[in-house]
Protein chains: 2
Amino acid sequence: MDATVTLPRSNPLVLRLRYGADLDAGDRALLADLARSRRSLEPQQDIVRAGDRAAGVHLVLEGYAFRYKLIDDGHRQILGLLLPGDFCDLQSIVLGPSDHYIAALTACTVADIPQERVDALVFRDSRLARTLWWATLVDESILREWLASMGQRPADKRIAHLFCELLLRQQLVGAAGERDCPLPLTQPMLADILGITTIHVSRILRDLRLAGLIRLKDRRLHIPDVARLRAFCDFDPTYLHLVRRPDLEAAEDVAGVGS
Amino acid sequence: MDATVTLPRSNPLVLRLRYGADLDAGDRALLADLARSRRSLEPQQDIVRAGDRAAGVHLVLEGYAFRYKLIDDGHRQILGLLLPGDFCDLQSIVLGPSDHYIAALTACTVADIPQERVDALVFRDSRLARTLWWATLVDESILREWLASMGQRPADKRIAHLFCELLLRQQLVGAAGERDCPLPLTQPMLADILGITTIHVSRILRDLRLAGLIRLKDRRLHIPDVARLRAFCDFDPTYLHLVRRPDLEAAEDVAGVGS
DNA sequence: CGTCACATTGATGTCTGTCAAGAATCGTGG
DNA sequence: CCACGATTCTTGACAGACATCAATGTGACG
C-alpha cells in the first residue's frame with residue numbers, strides 16, 4: 001500500500017512522450033514546465049471526481065493512480081492504471097467534467113496544470129498537439145485491450161496479461177528492472193481491475209506462483225521468465241504503440257510542423 | 001443482418017459533432033466535404049485491419065460497423081459499435097497502423113478521407129481540432145463504460161445497458177424512434193460484444209422478453225418502457241457526453257478560436 | 001431442395017461468486 | 001515494546017452463473 005514507486009531521474013512525462021513524437025529541446029522544455037506545481041497525495045485520495053467541474057489537468061509524476069467507476073452503488077470497476085508520466089484527465093479540456101473517478105493508488109505526486117496552458121499547447125502547436133493527443137489515444141488503446149481481455153481471457157491469463165503490461169509500462173519510465181517491477185496493488189484492487197472477487201485473485205495468484213510464472217514479495221512483482229509469461233497469456237505489446245513510425249514525419253510535414 | 005439502417009436526412013457527421021462544439025456554417029461545410037467520396041461495403045467486410053498501414057481515415061455514413069480484436073487465435077472480442085457519423089480510425093493520423101480490426105456489420109456506406117485532409121483540419125483549426133478530438137474521446141468514454149459493464153454487471157443487465165445505449169446513439173443521428181431502433185446484431189455478435197456465449201444470449205433475450213422489458217422483431221428493438229429498462233440496468237447517459245458545456249466557450253476563447 | 005448460418009432448448013460440467021472462518025501483516029497508540 | 005484494530009491474505013464448503021456438448025428447428029439463399 002505504501003510501497004514507494006521509484007522516481008525516474010528524468011521527467012517521466014518527457015520519457016513517456018518520446019514515443020509520441022520526436023520532440024526538440026524547446027518542446028521538452030515546454031513539457032517539463034508543465035510539471036512545475038507539484039502536489040502530494042495520500043493513497044486512496046481522489047484526484048478527480050465524476051461530475052466535478054474540472055479545475056485543471058492532472059499529471060502523475062510519482063506513484064500509481066487509477067481510474068474507476070461505481071456501478072449500482074457499491075461495485076467498483078477499475079478502468080485503468082496511471083503510471084508516472086501519464087495524464088489523468090487530459091480529456092477534460094475537451095470533454096469537461098469527467099465521467100469517472102481517478103484516485104491515488106500509492107502515495108503520489110501529481111502536477112496540477114491550468115486548463116488554459118494545455119489548451120494553448122494542444123491547439124496551437126501542431127507537434128505537441130499530436131503528442132498530447134497521442135497520449136490519450138494510447139490510453140484508449142489500452143482500454144480496448146483490457147476490454148478484450150475481460151471478455152475473452154480466463155481470469156488467470158487476465159492477471160498474467162496485466163502483469164506483462166505493468167512491467168513494460170514501468171520499464172518505459174525507468175521504474176522497473178528487466179524482470180521485476182513495483183506492484184503496489186492489493187488483491188482487492190486486482191479484483192476490481194479484473195472483475196473477479198478477492199478470493200479468486202488469491203487462488204489464481206497461488207496457482208501462478210506454483211506454476212513458477214510469477215513471484216510476489218515486498219509489493220514487487222518478479223517474473224522469472226518474461227517470455228514464458230508472455231506466451232502463457234498471449235501478450236502482444238503492439239497495443240501500447242511504442243514504435244516510432246517512419247511515415248509520421250511525412251504526415252507532420254503535411255501538417256506544416258517544420259518548426 | 002441485412003436490415004438497412006435509415007439514412008438520416010442531414011449529414012450524420014454534422015449531426016453527431018453538434019455535441020462536440022458549436023460549429024458555424026464554414027465548419028459544417030468543411031465537415032460535409034469530408035464525406036464526398038463514398039464507398040459501399042458488404043456485411044462482415046473489413047474496413048481496417050490490425051497492423052495495416054493506414055491509407056486514410058474512414059467515416060461511417062450509413063449502416064453499422066464494429067471494432068474487434070482476435071485473442072488466442074479464434075476468440076473474437078467486439079470492442080465497440082460504430083454508427084453513422086462515427087469515425088472508424090480518426091486515431092490513425094496520430095497512432096498509425098491500427099491495433100484492432102474494424103468491419104462492416106450491416107451493409108455500410110463509408111467515406112474514405114485522405115489522412116492529410118484530416119491532419120490539416122485537426123492541427124490547424126482549433127475549433128475543429130477540439131471537435132474531432134472530442135469525437136475520439138467520446139469513443140474512449142464509451143469503452144470505459146463497456147469495460148465497467150463487463151466487469152461489474154451480470155450479463156442480462158449488460159445486454160439491457162447496451163440496448164439503452166444503442167437506442168440513444170441512434171436517436172442522435174435521427175435513425176431511431178422514441179422507443180424503437182434498428183438492431184442488426186445477430187446473437188453471435190451480441191455474444192462477442194458481451195463476452196458470453198450465443199446460447200446464453202438466447203436465454204437472456206428470452207428472459208428479458210418474458211419480463212416485458214424488450215421486444216425484438218424484424219431486426220428492430222422495441223423498448224415498451226424506456227425508463228423501466230434504464231432502471232433495470234442502471235443506465236446513466238452521462239458517459240456519452242451529450243451536453244454542451246457553458247464553460248467551453250471560455251476555454252475556446254483562451255485557445256484563440258474566435259474566428 | 002439442400003446448404004448454411006442463426007436461433008432455441010436440454011443436460012451437464014466448470015469457473016467464479018458467496019458465505020464463513022482463520023492467519024498474517026501493518027499502522028497506531030498505550 | 002506490546003497490544004490493538006483494521007486490512008489484507010488464505011483456505012474450505014457450497015451455490016450460481018455461464019460454458020460446453022448435443023440436438024432440433026428456422027429462415028435465407030443459391
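First the proteins, then the strands, lettered A, B, ... as listed; each starts at 1. All values reported here derive from a predicted model rather than from experimental measurement.
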### Task
Test side-chain contact (heavy atoms from CB on, under 4.5 Å) on B:Leu59 and B:Cys88 and set out the steps.
CA-CA 6 Å; B:Leu59 171 66; B:Cys88 297; over 6 Å; no

#### Entry: Candidate pair B:Ser141 and B:His241, rule side-chain contact (heavy atoms from CB on, under 4.5 Å), full reasoning
CA-CA 8 Å; B:Ser141 183; B:His241 293 276; 3.4 Å; yes

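- Proximity note for A:Arg219 (side chain, C-beta onward) versus C:dC6, C:dT8, D:dC9: the nearest is D:dC9.
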### Message
Set out, in order, the CA-CA distance, both residues' side-chain angles and the distance that settles side-chain contact (heavy atoms from CB on, under 4.5 Å) for A:Gln77 and A:Met150, then state yes or no.
### Response
CA-CA 12 Å; A:Gln77 175 68 49; A:Met150 191 80 93; 3.5 Å; yes

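- The distance from atom NZ of A:Lys217 to atom P of C:dA24 is 18 Å, rounded to the nearest whole Å.
- In this structure, the salt bridge (Lys or Arg N to Asp or Glu O under 4.0 Å) partners of B:Asp112, at least two apart in sequence or on a different chain, are B:Arg39.
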### Query
Just by protein heavy atoms under 4.0 Å, how would nucleotides 12-23 of chain D read 5' to 3' in B, S and -?
BB----BSBBB-

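- Less than 6.0 angstrom separates the ring centroid of B:Tyr68 from the ring centroid of B:Phe66.
- A salt bridge links B:Glu145 to B:Arg153: one of the charged nitrogens lies within less than 4.0 Å of a carboxylate oxygen.
- With salt bridges taken as basic N to acidic carboxylate O contacts below 4.0 Å, none links B:Lys157 and B:Asp234.
- Protein atom CG of B:Leu205 is 14 Å distant from nucleotide atom C1' of C:dT9, rounded to whole Å.
- By the 4.0 Å N-to-carboxylate-O rule, B:Arg67 lies close enough to B:Asp139 to be salt-bridged with it.
- What separates CG of A:Leu210 from P of D:dT10 is a distance of 11 Å, to the nearest Å.
- Rounded to whole angstrom, the span from the CG atom of A:Leu185 across to the P atom of D:dT8 amounts to 12 Å.
- Separating the CD atom of A:Gln44 from the C1' atom of D:dT7 is a distance of 11 Å, rounded to the nearest angstrom.
- C:dC15 atom P lies 12 Å from atom NZ of A:Lys157, rounded to whole Å.
- Checked for salt-bridge contact, B:Asp86 and B:Arg169 meet the test: a charged N lies under 4.0 Å from a carboxylate O.
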### Query
Can you give the dot-bracket line for DNA chain D, using ( ) for pairs inside the strand, [ ] for pairs that cross earlier ones, | for pairs with another strand and . for unpaired bases, where Watson-Crick and G-U count if both distances are under 3.5 Å?
|||.||||.|||||||||||||||||||||

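- As a whole-Å value, the separation of A:Glu42 CD from C:dT28 C1' is 15 Å.
- We find that CG of B:Leu216 is positioned 14 Å from C1' of C:dC6, with the value rounded to whole Å.
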